[in-house]
Amino acid sequence: MNWLLPEHIADALPAEAAQIERLRRTLLDLFRVHGYELVMPPLLEYLDSLLTGSGHDLRLRTFKLVDQLSGRTLGVRADITPQVARIDAHLLNRQGVARLCYCASVLHTLPASLTASREPIQLGAELYGYAGVAADREVIRLMAAALAAAGVPAARIDLGHVGVFRALAAASGLDAELEGALLQLLQAKDVPSLREPCGKLDEPLRSALLALPDLYGGVETLAAAAEALPPLPAITAALETLRQLQASLPDLPLSFDLADLRGYHYHNGVVFAAYYPDCSSAIARGGRYDGVGRAFGRARPATGFSMDLRELARLAESATQSGAILAPAAAAQTTLAAAIAALRAQGEIVVERLPAETCSEGPRCDRQLVERDGQWLVEAITGTDHGNG
């Protein structure tokens, strides 16, 4: 049984690997033309650096090991976003706006769901140095463009704002234990169970917290929230931000969910999640996380998103690709070698038949190189020709 892999860890075989690589190139090129620069953080770091500024859930998802050189504890990254924040705050040290992107594997101690991989390929983009709503608008639009380019356009993009619950919790004087309990119940939209802990709170805060699970849907949700929630300055500002996003992204399938508080201890502003038909969980997530660079010596406004390239590859339709070209072994035939080189320079897949080779497993050959009157030509393989499977 030595060949068995750990649970929720899998190889990517040729078809899947080709799809993942196609998407990686497509999306990184998309980010590049939008001004996002590629960075490549290391796979592991000292644990205290890797988890600086991150939430408790990231600590639980991170594999830990001991460095044989220093004796210090290392962590295998479970999320690349904090690493990119460190690069922006500590290494690049730019004063203006910085746009960064990344694509690499991460490792989780436990799968996010029964069908999820513990080794997602995380791809994302982050924008630093701009606190206004225009930055949130840019990354939401870029996320939608990336999903469309991958062939998995978002059917719905939920917007929320952690400032709403944070303002209610502060005004209610919740202790950490009760705040954590309410967070879990709100995430589950468990209104009956919410009534008991909220029963000890004064009005209008009790009614406001109980109303949050029902504040989801279309643009009418924002008007309903303004009616149901107290006019605390932070809540008024959060709803105005959401209104501005809705007005400036009319072409996107936006909806709102004021009880979506995933990443509550990490995010501090707008949060968003993209959904695809027949998928129970979001296929891309993001939000604002201002100040995360403070732990690295420089607090910066920040917003961004990420997605799992493995999951995108599974959902995306396989790209229609032409088959390969089967060629005789070039050996010393300089004209044949030149023809093969020219085809490969054009991006064609050319498989050279080895001497005495009878069958080749691999790319499907639907064409072949044949010599006609001293010229090497590409012709379709007919049923009587012998290509490979």
field: From CA spacing to verdict: side-chain contact (heavy atoms from CB on, under 4.5 Å), M307, I283
entry: CA-CA 6 Å; M307 56 189 72; I283 58 173; over 6 Å; no

query: Checking side-chain contact (heavy atoms from CB on, under 4.5 Å) for the pair D366/I325: CA distance, chi angles, key distance, verdict?
result: CA-CA 6 Å; D366 59 1; I325 298 171; 5.7 Å; no

- request: Start with the C-alpha distance between F165 and L182, add both sets of side-chain angles, then the distance that settles side-chain contact (heavy atoms from CB on, under 4.5 Å), and finish with yes or no.
  value: CA-CA 10 Å; F165 176 73; L182 290 178; 4.2 Å; yes

message: Evaluate L65 against T73 for side-chain contact (heavy atoms from CB on, under 4.5 Å), listing each step before the verdict.
response: CA-CA 6 Å; L65 62 156; T73 302; over 6 Å; no

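Looking at V76 and V106, their side chains never come closer than 4.5 Å, going by heavy atoms from C-beta outward. Here the side chains of V162 and V271 are in contact, with some heavy-atom distance below 4.5 Å. In this structure, F272 and L245 have side chains that are not in contact, with every pair of non-hydrogen atoms separated by 4.5 Å or more. Here the side chains of L30 and R32 are not in contact, with every heavy-atom distance at 4.5 Å or above. Two residues are said to be in side-chain contact when any heavy atoms from C-beta on lie closer than 4.5 Å; I349 and L343 fail this criterion. By the 4.5 Å heavy-atom criterion applied to side chains, L336 and P328 are counted as neighbours. Two residues are said to be in side-chain contact when any heavy atoms from C-beta on lie closer than 4.5 Å; V270 and T303 fail this criterion.
Judged as a salt bridge (charged side-chain N to carboxylate O under 4.0 Å, His left out), and not counting sequence neighbours, the contacts of D290 are R288. Residues meeting the salt bridge (charged side-chain N to carboxylate O under 4.0 Å, His left out) test with D251, sequence neighbours left out: R141. For R99, the side-chain hydrogen bond (donor to acceptor under 3.5 Å, both in side chains) partners at least two apart in sequence or on another chain are E138. Residues meeting the salt bridge (charged side-chain N to carboxylate O under 4.0 Å, His left out) test with E37, sequence neighbours left out: R94. Not a single salt bridge (charged side-chain N to carboxylate O under 4.0 Å, His left out) links R137 to another residue, sequence neighbours left out.
Scanning all heavy atoms of the two residues, the minimum distance from L47 to G75 falls at CD1-CA, 4.0 Å. Heavy atoms only, all atoms of each residue included: A247 and P250 are closest at O-CD, 3.7 Å. Closest approach of L147 to A154, counting heavy atoms only: CD1-CB, 4.0 Å.
A 6.0 Å sphere centred on CZ of R25 holds no more than 12 heavy atoms belonging to other residues, nucleotides or ligands. Within 6.0 Å of CD in E203 there are more than 12 heavy atoms belonging to other residues, nucleotides or ligands.
Pairs of residues two or more places apart, or lying in two chains, never qualify as side chain to side chain donor-acceptor pair (under 3.5 Å) while including a residue from residues 218-235. For residues 64-78, the pairs satisfying salt bridge (charged side-chain N to carboxylate O under 4.0 Å, His left out) are D48-R72, with sequence neighbours left out. Within the structure, side chain to side chain donor-acceptor pair (under 3.5 Å) contacts touching residues 171-185 (residues at least two apart or in different chains) are E179-Y264. Within the structure, salt bridge (charged side-chain N to carboxylate O under 4.0 Å, His left out) contacts touching residues 80-91 (residues at least two apart or in different chains) are E45-R86, D88-R300. Every pair passing salt bridge (charged side-chain N to carboxylate O under 4.0 Å, His left out) that includes a residue from residues 153-163 is listed here, sequence neighbours excluded: R156-D158. Residue pairs that meet the ring pair (Phe, Tyr, Trp, His ring centres under 6.0 Å) test with at least one member in residues 212-257, sequence neighbours left out, do not exist here.
D190 contributes no side-chain N or O that, together with a main-chain N or O of L185, makes up a donor-acceptor pair within less than 3.5 Å. Without hydrogens or angle criteria, H161 side chain to L239 main chain gives no donor-acceptor distance under 3.5 Å.
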Can I get a per-line list of side-chain donor-acceptor pairs under 3.5 Å for residues 118-133, giving both atom names and the distance, sequence neighbours left out?
unit_1, atom_1, unit_2, atom_2, d
R118, NE, E7, O, 3.0
R118, NH1, T109, O, 3.0
R118, NH2, E7, O, 3.0
Q122, OE1, I80, N, 3.1
Q122, NE2, D79, OD1, 2.8
Q122, NE2, Y102, OH, 3.3
E126, OE1, Y289, OH, 2.6
E126, OE2, Y102, OH, 3.1
Y128, OH, A85, N, 3.2
Y128, OH, Y289, OH, 3.0

